[in-house]
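In what follows, a structure is listed as structure tokens, so that the remarks can point back to it.
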Amino acid sequence: MCPASNNPEDEEQALHPAQELVRDVFFSKLRQVSCLEDIQISSFALDEPIYAHNMAVILLHGEPIRFVLKVHYQTLDAKKMVAHRSSQPVDSISDQIVKDFMRETINVVAGSIKLNLLEQGIITGIGIPFVTKGFDELMFTDVLQDQEIHDSSVLYWDNGKIFLSTVVKIMQPELFENYQYNSADSLIDENEDGEFL
Amino acid sequence: MNYDEAAELERQSNEELSAAKALQTAYYIIEKLETSKRSSEDILEDLPEIFVICSKNGKIIKGNQEAASTLGVNIEDLLKYNILSCLEKSQAEIFGDYLKRVGDSFDSKTFEMPLSTKDGSKRNYLWSIGEFTQVSRRRGKFIRIIGRDITELKNLENRLSSIFASTPLGILTCNKEGKVIQPYSAYTEVLLQETNIEGRDVADVLFSKVKDKFDSIERSGVVQLVESLNQDPGWFMLSKTCFPKRISIDYVENNTQKARHLGLDYHPILENNLVSQIMIIIHDRTDIVQEEKASALERRVDSGRIKKIVEIQKCDSRILEVVFEELDELMPRIQDEVEKKDYKKLGNIVHTFKGVVRTAELSELVTLAHEIEDEILSSKEIDEDALQAKFKALLEQWREAKRICYTLSGKSEDFRLDKEGLGRITKQLQLLHENIDDDNKGLVSDILNELGIDTLKKRTSLNMIAERLHNQVSTLRKSIGKNFEIDIDFSDKTVPLVDRSKYAEIFLHLLNNAVDHGIENPDLRKKANKPEIGKISVTTAQDKDYTIFFVKDDGSGVDPTKIKSKAIKLGIVTKDEASNLSESEILNFLLLSQFSTKSEITDISGRGIGLDIVNDAAKAIGSPGGIKIESVLGEGTTFSFKLKL
């Protein structure tokens, strides 16, 4: 369920199922944990650097596939999200809560992807999420490699946005030839609505 | 669970375990990387300089806390800004231009530009703008901006400039091209008597006024000064030995020509181990030079004193005694005439003084006496201050000569002072004795006797004078290159002690005259078929009560025609009057003051003040008619005077 891209070229280019999976899971999970109904997702041009000060990152690894999931965000945007979720003023949200929130969010996203892959018989493990600052796309080499899918998208709502950048390396492409992606919505368990907060 | 299911479960477990192990390893690596990255981020964030990465058009990609604080925004919000929009219009234009230039090339740019901060204050920054090379080319070129707050540095620089302006040193620096660069101390231009030296050749600034005085080494040093730039320090140190280290700049102050003596020190400033600049420190050593000159003068004074000691030691003690006794009499007379400003008489006495001191070969006293004569006889108006100064110097020299003399002889200085005073008192009493003609005359005579001087009665042998005259003649012989013999025979005649100086004065002048005017040069004598060695004699004869003194030479004689024409020229007689005069009358013109037949003045005689003094002195000691002159052209001249002894 990917919203229309801002980039016409991206619209014409079909997304790899793995990309679709990541975007959809991320979109649905974030909407779920933030309670932001108006949140939307859009492609972000790869040649544009992602502007954000902080990054939450997690690794997802299996023999056939490997994911590096990165969420780039501004503290204020994340605070707004948390404030909305907890119905508290933005000023009352501490930086530490924001960090914890983003760490858990990406952990949940990775968990959902893992489950989705497992349903397709693809076994992966999840690393420990961590949050760092300044680990923006600008500061490391972003040369595209063969067999790697670089995907960037932005999730935005009325007063904020966060970025998702993913590097997917597929070691066993044949497993994905007949890969059927089921919408991540089906994975949402209403009982798991962000208890970590 | 059947076997297949169990096997599948085991396969999945193994696969999960394998994935977990791979993740564990990856996580470990990432964690290390993250720690490292976090450290560098912390460093970057806390960097005291402004650090910004932006696109070519100024869109901020990354910035640190200092950048955010300076621009007055939250650090995370920096990413929303364009740096150009954060600056004032003029600053944005400059910055935009630099960003474009760096974006279009790979050059880095460094420049100073102030920045207005959010709180309204303005601070100075040193900006360094260059390409940010860490980012992938895929996204094009990004620009790195580093801004260092140099406000405090600038304040220090301003303080340094004010110190520069007030320091009494010249401090200047030349660049690789040998041009003077800013800053340089304000005093530099004062010391070098130059203005606007920035950008000029350092060698020209330092040496243009003095290079003509340089020796070959210093000239070579000027060339090497410039050539040592861009060389290694060793080469500089070698060249430095030739650099001019002392210069003197002439300048005019209050219409007075002065010289400023400067010392130069050269200090290399290295860049990449090459001499990129030379700092030159100039100090004013005029005071030092003056002190050195004063010391040298003192040394000269010391050497002058030594010279006096040598001269005194060389002189016969008997002559010295007579000389100092006569000078004791002459100095008060000179002092009197200086006070009375009777310069004619003063000239006569100084001339006598000169003759006396020449006898003892006291060269400095001779020179000073000669200078006083010059001052008196010059055609210009007499400079009384200069004359007084010279007289004072003469007095000092005389006293010093006496002091040395008494020191050498073991007599005390007190004695010298008493003797001096006694001379003055004696002279005054003698004058009193001569000028009063009543009962008091005896009283004065008694006082003189009470003083133990008994001057009026005391007599002395003229042979004492003969010794001095011989001494003087030998001195003259050395100085003028004439060859002659002198024979002095006073036949044991004695004269009153009070008159001894007058006799000495008379004979000294007449001998000077004979040597200078009478005796010819050896060549002339040879041409005239005369003996090469001239003869001068001093003899006496007795004519009843009178003793006659003769001073005779076999020299060229006096040409009456020349005397006559000079007398006419001087306006002493008219041409008609002169035609009626006898030869004897014409010769008597020589006894007039300001009359000399010799056009060139020498330090021996010939100033035209000699024979009139002799004549006056002869009359003063009682010679009726004074000096008589007889001369035969080509054969010689005889001066004579007679008196009752």
Side-chain angles (χ1 to χ4, degrees), chain A residues 45-68 70 72-79 95 98 110 114 117-118 121-144 150 152 161 163 169 171-172, chain B residues 8-9 11-45 51-55 59-65 68 73-81 132-140 142 144:
Chain A
L46 280 177
D47 286 341
E48 287 297 316
I50 293 171
Y51 299 121
H53 194 72
N54 309 291
M55 182 180 77
V57 63
I58 193 164
L59 301 179
L60 196 71
H61 178 79
E63 284 183 13
I65 194 165
R66 184 172 69 210
F67 291 82
V68 180
K70 296 169 284 181
H72 308 270
Y73 66 95
Q74 299 282 77
T75 305
L76 184 60
D77 287 333
K79 278 186 179 177
D95 289 359
V98 167
K114 175 185 163 70
L117 290 171
L118 192 60
I122 299 168
I123 298 167
T124 56
I126 306 174
I128 301 167
F130 64 85
V131 175
T132 185
K133 67 181 176 184
F135 210 102
D136 45 65
E137 291 289 87
L138 187 71
M139 298 300 290
F140 64 91
T141 302
D142 56 355
V143 177
L144 300 179
H150 288 253
S152 301
K161 62 183 174 184
F163 299 88
K169 185 164 187 177
M171 281 77 81
Q172 296 173 10
Chain B
E8 178 61 19
L9 198 60
R11 187 189 66 79
Q12 284 184 8
S13 298
N14 288 339
E15 206 169 316
E16 281 201 41
L17 195 61
S18 168
K21 280 181 180 172
L23 280 170
Q24 191 180 12
T25 309
Y27 181 79
Y28 179 76
I29 294 167
I30 288 173
E31 191 188 30
K32 294 294 175 196
L33 284 171
E34 198 278 331
T35 305
S36 166
K37 178 67 168 59
R38 193 172 56 222
S39 300
S40 62
E41 283 291 331
D42 286 344
I43 291 167
L44 193 64
E45 199 161 289
F51 179 84
V52 169
I53 294 170
C54 66
S55 64
K59 166 82 176 156
I60 296 174
I61 311 296
K62 190 172 185 64
N64 68 350
Q65 188 59 52
V73 297
N74 184 286
I75 186 167
E76 293 190 15
D77 291 341
L78 266 179
L79 307 176
K80 298 175 185 171
Y81 286 90
F132 180 67
T133 53
Q134 279 178 283
V135 74
S136 163
R137 291 277 176 218
R138 191 158 62 85
R139 288 178 179 140
F142 287 94
R144 180 212 67 232

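Residue numbering restarts at 1 for every chain, and letters A, B, ... go by the order of the sequence lines.
Applying the 6.0 Å contact sphere to CZ of A:Phe130 captures more than 12 heavy atoms from other residues, nucleotides or ligands. Shown here is A:Lys161, whose NZ atom has no more than 12 heavy atoms of other residues, nucleotides or ligands within 6.0 Å.
B:Ile60 touches chain A through its backbone: at least one of N, CA, C or O sits under 4.5 Å from a heavy atom, while the side chain does not. Proximity to chain B (any heavy atom under 4.5 Å) is restricted, for A:Thr124, to the backbone atoms N, CA, C and O. Using a 4.5 Å cut-off between heavy atoms, A:Val68 does not touch chain B at all. Neither the backbone nor the side chain of A:Ile58 comes within less than 4.5 Å of any heavy atom in chain B.
Considering CG of A:Leu59 and CD1 of B:Ile29, their distance stands at 10.0 Å, rounded to 0.5 Å. Rounding to the nearest 0.5 Å places CG of B:Leu17 at 11.5 Å from CD1 of A:Ile123. Taking CD from A:Gln74 and CD1 from B:Ile75, the interatomic distance works out to 10.0 Å, rounded to the nearest 0.5 Å.
The candidate from B:Glu76, B:Glu45, B:Lys80 with the greatest count of non-hydrogen atom pairs under 4.5 Å with chain A is B:Glu76.
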